Protein chains: 2
Amino acid sequence: MGHNIKTVWKEGMAFDSQLMGGNIALDANEAVGGQGKGVTPKQLMLSALSGCTAMDVASLMKKMRVEVDGFDVSVEGELTDQHPKYYKTVKVVYNFEGKNLDQAKLNKIVNMSIERYCGVFEMFRQFADITTEINFVEANVGV
Amino acid sequence: MGHNIKTVWKEGMAFDSQLMGGNIALDANEAVGGQGKGVTPKQLMLSALSGCTAMDVASLMKKMRVEVDGFDVSVEGELTDQHPKYYKTVKVVYNFEGKNLDQAKLNKIVNMSIERYCGVFEMFRQFADITTEINFVEANVGV
């Protein structure tokens, strides 16, 4: 199984990246000659990482009947100083919010994604040092 | 230097990925429980690869005074069969279109991106076998 995408030059540093399911406007920052009218390519790697593991979590929560009010996955990536600049250290933070969160199951779910299912995690492990953190925010229960 | 992004759960397998410069709607295909209302995370890796090298090319064309009518960078990625599924083979194709294209300089520019500047290429080299191809399409010159 595979994927095909195409990225087409518009003008300057602006591109239209054509994926299955939608297009993404890419542009460089003004500091490097762009106009900031889109996202920068490297960030898409972090978005891929967060989205891949987040989809595993959503899917496993459904299968394991775990409910939350909401969750997000944030990623911080630090680049090397020298060209070619790549993400050398990456921190992935899972934030779950809800009432009476089943923390044991949620920990298990996150670990299943990291260790078994998430292909983007597997790719990142080949070049980055990755740390992960899981936070639970208990929603206030009304009196 | 680094980047921070956040991906927030909406419903089902749908997420809003929040990057500097814009948001991206992520969703899984219907075959795996999504509604196809966005792009899938893994494809973003290919978009990152094409966008990174395409921006190098745009920047170097300007510096080296090479003109083209247009260009695009397409990427085909083949996934492994087993979990965690990652891109094992990747093909990157550069297509340049214009009149009297300076093929020697364009070849040099692409190689400078691949070998020296493109950080996403450097990351992909750690897990994928990458092949590249450069095509030149000479625009018809009016009679």
Side-chain angles (χ1 to χ4, degrees), chain A residues 1-9 12-13 15 17 19-22 24-28 32-33 36 38-48 50-52 54-55 58-59 62 70-80 83-87 116-123 126-127, chain B residues 1-9 12-13 15 17 19-22 24-28 32-33 36 38-48 50-52 54-55 58-59 62 70-80 83-87 116-123 126-127:
Chain A
M1 190 198 156
H3 297 128
N4 293 294
I5 68 97
K6 181 188 277 197
T7 295
V8 181
W9 188 41
M13 299 288 273
F15 292 84
S17 197
L19 290 72
M20 285 173 285
I24 299 172
L26 304 180
D27 199 0
V32 290
V39 300
T40 57
K42 283 203 185 94
Q43 285 186 84
L44 292 177
M45 301 279 289
L46 304 183
S47 183
S50 63
C52 178
M55 282 193 188
S59 175
K62 192 175 176 190
F71 80 97
D72 63 67
V73 181
S74 68
V75 180
E76 277 180 49
E78 279 296 315
L79 292 167
T80 55
H83 289 295
K85 294 180 184 176
Y86 65 93
Y87 291 114
R116 196 183 314 171
Y117 291 112
C118 182
V120 184
F121 245 95
E122 181 64 15
M123 291 185 263
Q126 308 309 311
F127 53 81
Chain B
M1 190 199 157
H3 297 128
N4 293 294
I5 68 98
K6 182 187 276 197
T7 295
V8 181
W9 188 42
M13 299 287 273
F15 291 84
S17 197
L19 289 71
M20 285 171 286
I24 299 172
L26 304 179
D27 199 359
V32 290
V39 301
T40 57
K42 282 203 186 97
Q43 285 186 85
L44 293 178
M45 301 278 290
L46 304 184
S47 183
S50 63
C52 178
M55 283 191 188
S59 175
K62 192 174 175 190
F71 80 96
D72 62 66
V73 181
S74 68
V75 180
E76 279 179 47
E78 279 295 316
L79 294 166
T80 54
H83 288 295
K85 294 180 184 175
Y86 65 93
Y87 292 114
R116 195 183 313 170
Y117 291 114
C118 181
V120 184
F121 245 96
E122 180 65 14
M123 292 185 263
Q126 309 308 312
F127 54 80

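All values derive from a computational prediction rather than experimental measurement. Lettering follows sequence order; numbering is per chain, from 1.
Ranking B:Val120, B:Thr40, B:Val73, B:Val32 against chain A, the residue ahead of the rest is B:Val73, based on heavy-atom pairs under 4.5 Å. Ranking A:Lys42, A:Glu76, A:Met55 against chain B, the residue ahead of the rest is A:Met55, based on heavy-atom pairs under 4.5 Å. The candidate with the highest count of non-hydrogen atom pairs below 4.5 Å against chain A, out of B:Gly77, B:Gly22, B:Ser17, B:Ala25, is B:Gly77. Taking B:Val8, B:Leu19, B:Asn4, B:Thr80 one by one and counting their heavy-atom pairs under 4.5 Å with chain A, the maximum is reached by B:Leu19. Interface remark: of the candidates B:Ala58, B:Cys52, B:Ala48, B:Ala48 forms the most heavy-atom pairs closer than 4.5 Å to chain A.
Of the two parts of A:Tyr87, the backbone and the side chain both hold a non-hydrogen atom closer than 4.5 Å to a non-hydrogen atom of chain B. Heavy-atom distances place the backbone of B:Cys118, and not its side chain, under 4.5 Å from chain A. Proximity to chain B (any heavy atom under 4.5 Å) is restricted, for A:Ile24, to the side chain, taken from C-beta onward.
The closest donor-acceptor contact from the side chain of B:Gln43 to the backbone of A:Met20 lies under 3.5 Å.
The distance from atom CG of B:Leu26 to atom OG of A:Ser47, rounded to the nearest 0.5 Å, is 5.0 Å. For the atom pair CE (A:Met123) and CE (B:Met123), the distance works out to 12.0 Å, reported to the nearest 0.5 Å. Here the straight-line distance linking atom CG of A:Leu44 with atom OG of B:Ser50 works out to 8.5 Å at 0.5 Å rounding.
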| message | Set out, in order, the CA-CA distance, both residues' side-chain angles and the distance that settles side chain to side chain contact (heavy atoms under 4.5 Å, CB included) for B:His3 and A:Val75, then state yes or no. | response | CA-CA 8 Å; B:His3 297 128; A:Val75 180; over 6 Å; no
| request: Give the C-alpha distance, both sets of side-chain angles, the deciding distance and a yes or no for side chain to side chain contact (heavy atoms under 4.5 Å, CB included) between A:Met45 and B:Met45. | output: CA-CA 5 Å; A:Met45 301 279 289; B:Met45 301 278 290; 3.8 Å; yes
| said: What verdict does the side chain to side chain contact (heavy atoms under 4.5 Å, CB included) test give for B:Met13 and A:Ser59, after you've listed the backbone C-alpha separation in whole Å, the side-chain angles of each residue and the deciding distance to 0.1 Å? | reply: CA-CA 7 Å; B:Met13 299 287 273; A:Ser59 175; 4.0 Å; yes
| said: Checking B:Leu46 against A:Thr7 for the side chain to side chain contact (heavy atoms under 4.5 Å, CB included) test, could you report, in this order, the C-alpha distance in whole Å, the side-chain angles of both residues, the deciding distance, and whether it holds? | reply: CA-CA 10 Å; B:Leu46 304 184; A:Thr7 295; over 6 Å; no
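Other residues, nucleotides and ligands contribute at most 12 non-hydrogen atoms within 6.0 Å of the NZ atom of A:Lys6.
In this structure, B:Tyr86 has no ring pair (Phe, Tyr, Trp, His ring centres under 6.0 Å) partners at least two apart in sequence or on a different chain.
By the 30° and 60° cut-offs, the orientation of the rings of A:Phe71 relative to B:Phe15 is perpendicular.
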